[in-house]
2 protein chains.
Amino acid sequence: MAADEDTLAPRDFESLRGLIMDRRSALPRRLAQVAKYALDHPDEVAFGTAASIAGAADVQPSTLVRFAHQLGYEGFSDLQKVFQERLRGRNSSYEERMKALKNTKEDEQGEAALVRGFLTAAQRSLQDFSDLVDPALLSRAVGILAGADTIYLIARRRSYPLVAHMAYAFGKLRVKNNLIASPNGIDPEIASMANRQDAALAISFSPYAADSVAQARAMADAGVPVVAITDSAFSPLADCATEWLEVAESDYAGFRSLSASMALCMALPVAIAEARRQKQGKN
Amino acid sequence: MAADEDTLAPRDFESLRGLIMDRRSALPRRLAQVAKYALDHPDEVAFGTAASIAGAADVQPSTLVRFAHQLGYEGFSDLQKVFQERLRGRNSSYEERMKALKNTKEDEQGEAALVRGFLTAAQRSLQDFSDLVDPALLSRAVGILAGADTIYLIARRRSYPLVAHMAYAFGKLRVKNNLIASPNGIDPEIASMANRQDAALAISFSPYAADSVAQARAMADAGVPVVAITDSAFSPLADCATEWLEVAESDYAGFRSLSASMALCMALPVAIAEARRQKQGKN
DNA sequence: GCACAAATGAAATAAATATTCCACATTGGA
DNA sequence: TCCAATGTGGAATATTTATTTCATTTGTGC
């Protein structure tokens, strides 16, 4: 049981937070995990059940009880009460509540409004894209990339972060890839090494960086299968691509969101790795 | 049993309040008593047990269940959830959005399901972050960066795409910046050129790339103001940063979303440029 | 590399809590 | 005043949820 139950077990949340922060470095793995989860998601702890919280924090319910004991509480329920106290009296009046609601809508200004603007644009993008997902098309695109020896990644400027992430994900999934974005100007040479066994993934949105388009086209001309992610049927990438996926992003303050394409770019590597795994299983 | 269960049973507190107010005069004695108690002590209803609430309202537990049924809920627990939602730190119409997310086709499989999984994770991230935006904190962070001569960008691995985008945005907005991610290993040297007039923006999420942390800490030790974007109070970045912004991303298939942090990273450069423009106007 | 202690996962158990049921009371209409 | 419909209290039951236990794993000092 806990070392010194008496001195511990704070009854108010702030003391508890302090205690947890102090203790955490000295806690064993799973208990530290709980500590982190508890401070990161205090609302969940206040309302959840031991099982639901344990699930979310990826530990066993018993670990929660141990954690509570460690801190000097009688059990998880006792600890939970402190988390609940923290929420009592929040939003006490109807008026407050309405004011809070309005605040989030229009009253905010400055930086917060800007952030909210981008968040909204991102959300719209996701929604729009979600309505457009075409399973068959997606499946063909993944098929092409899964069949490739090396996947060449083509993107510039605004789209570059997308392939940067893919390169990272492919790396983790051990999928051979080549990010064509060297700062030393030998991109064309690298690109020219691609052959029919490889494939390219090109991403570009209006106004379509000339480099990206040129490289994608060169690949296509050389017989390399090209999968494109772009924003319109009129995109130059749509022309030269073997398959192309449409993503239309919303914009805010003149900057287009990247959230939908980013979600797609997170899914693709996983889908490709999965497809390869299955193919391997068959052989 | 309840008259018309379908049309009733609101999922958010304000509708429920309205419904109760309407119904109250037409309710039998004990139920009216519960109605009054519930609206007078919503916190108790949120956290109490059926027995404790019944005791406080001077009715039987079964009366609470009847009350809930009368309103169209499955039972007291179901009703109680609405009272709990009210206290959760969720401002936007959280329930609605989550319901909307669930609407999406469940039967899909293969690649499409994967994409949808990532889209959902992204939306959840945006939603969660949207409720956490702290205008004052944000304002201080922007202030620090807007006051800097050169902004040093620190991020590795998963977070790298974020700063890659920022470098691009800063470039377009003509904000001096330096992306510390050179492939030639001279990062420490570059970082050591920063001074008090500059500032650093460090981004790292659990498990916190050692390089990022080390560089951020070095900057902080050298007296360079550091703004951090990270995911928890336990993050090593939270320690050493002058100000830190919390972004908790949802994950899917073991890959965490980037959408909320990306939205933030799109907003920051614009906010910084704007802050500088205004400062210039004054001089 | 071994022995010991600490931590952990999973299942069994205990406790609590919500819900149902039914006998009884109350109300409103003939 | 009686009847039927509706509402109510209280106990019995079902369900959910927390806690304990114990076998197994993991880490640590020698």
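Here is how names work: the chains are called A, B, and so on, in the same order as the sequence lines, proteins then strands, and each is numbered from 1.
Side-chain atoms of Gln127(B) do not come within 3.5 Å of backbone N or O of Gln123(A) as any donor-acceptor pair. Without hydrogens or angle criteria, Glu249(B) side chain to Ala260(B) main chain gives a donor-acceptor distance under 3.5 Å.
For DNA chain D, the span of nucleotides reached by chain B at under 4.0 Å from its heavy atoms goes, 5' to 3', from dG7(D) to dG10(D).
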With B for base contact, S for sugar-phosphate-only contact and - for none (protein heavy atoms under 4.0 Å), nucleotides 12-22 of chain C reads -----SSBB--
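Listed by first then second residue, pairs satisfying ring pair (Phe, Tyr, Trp, His ring centres under 6.0 Å) with a partner in residues 235-263 of chain B read Phe118(B)-Tyr252(B), not counting sequence neighbours. Among pairs with a residue in residues 61-73 of chain A, none fulfils salt bridge (Lys or Arg N to Asp or Glu O under 4.0 Å), at least two apart in sequence or across chains.
Here Gln60(A) does not reach the OP1 or OP2 of dT8(C): none of its side-chain N or O atoms lies under 4.0 Å away.
Residues passing the side chain to side chain donor-acceptor pair (under 3.5 Å) test with Asp12(A) are Ser15(A), sequence neighbours excluded.
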Could you give me the CA-CA distance, side-chain angles and deciding distance for Glu44(A) and Arg88(B), then say whether side chain to side chain contact (heavy atoms under 4.5 Å, CB included) is met?
CA-CA 8 Å; Glu44(A) 294 301 323; Arg88(B) 284 185 122 108; 3.0 Å; yes
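Between Arg11(A) and Asp78(A) there is a salt bridge, with a side-chain nitrogen of the basic residue lying less than 4.0 Å from a carboxylate oxygen of the acidic one.
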Which pairs of donor and acceptor atoms, one on a side chain in residues 200-221 of chain B, lie under 3.5 Å apart (sequence neighbours left out)?
from      : atom 1 : to        : atom 2 : distance (Å)
Tyr208(B) : OH     : Asp231(B) : OD1    : 2.7
Asp211(B) : OD2    : Arg156(B) : NH1    : 3.0
Gln215(B) : OE1    : Arg156(B) : NH2    : 3.2

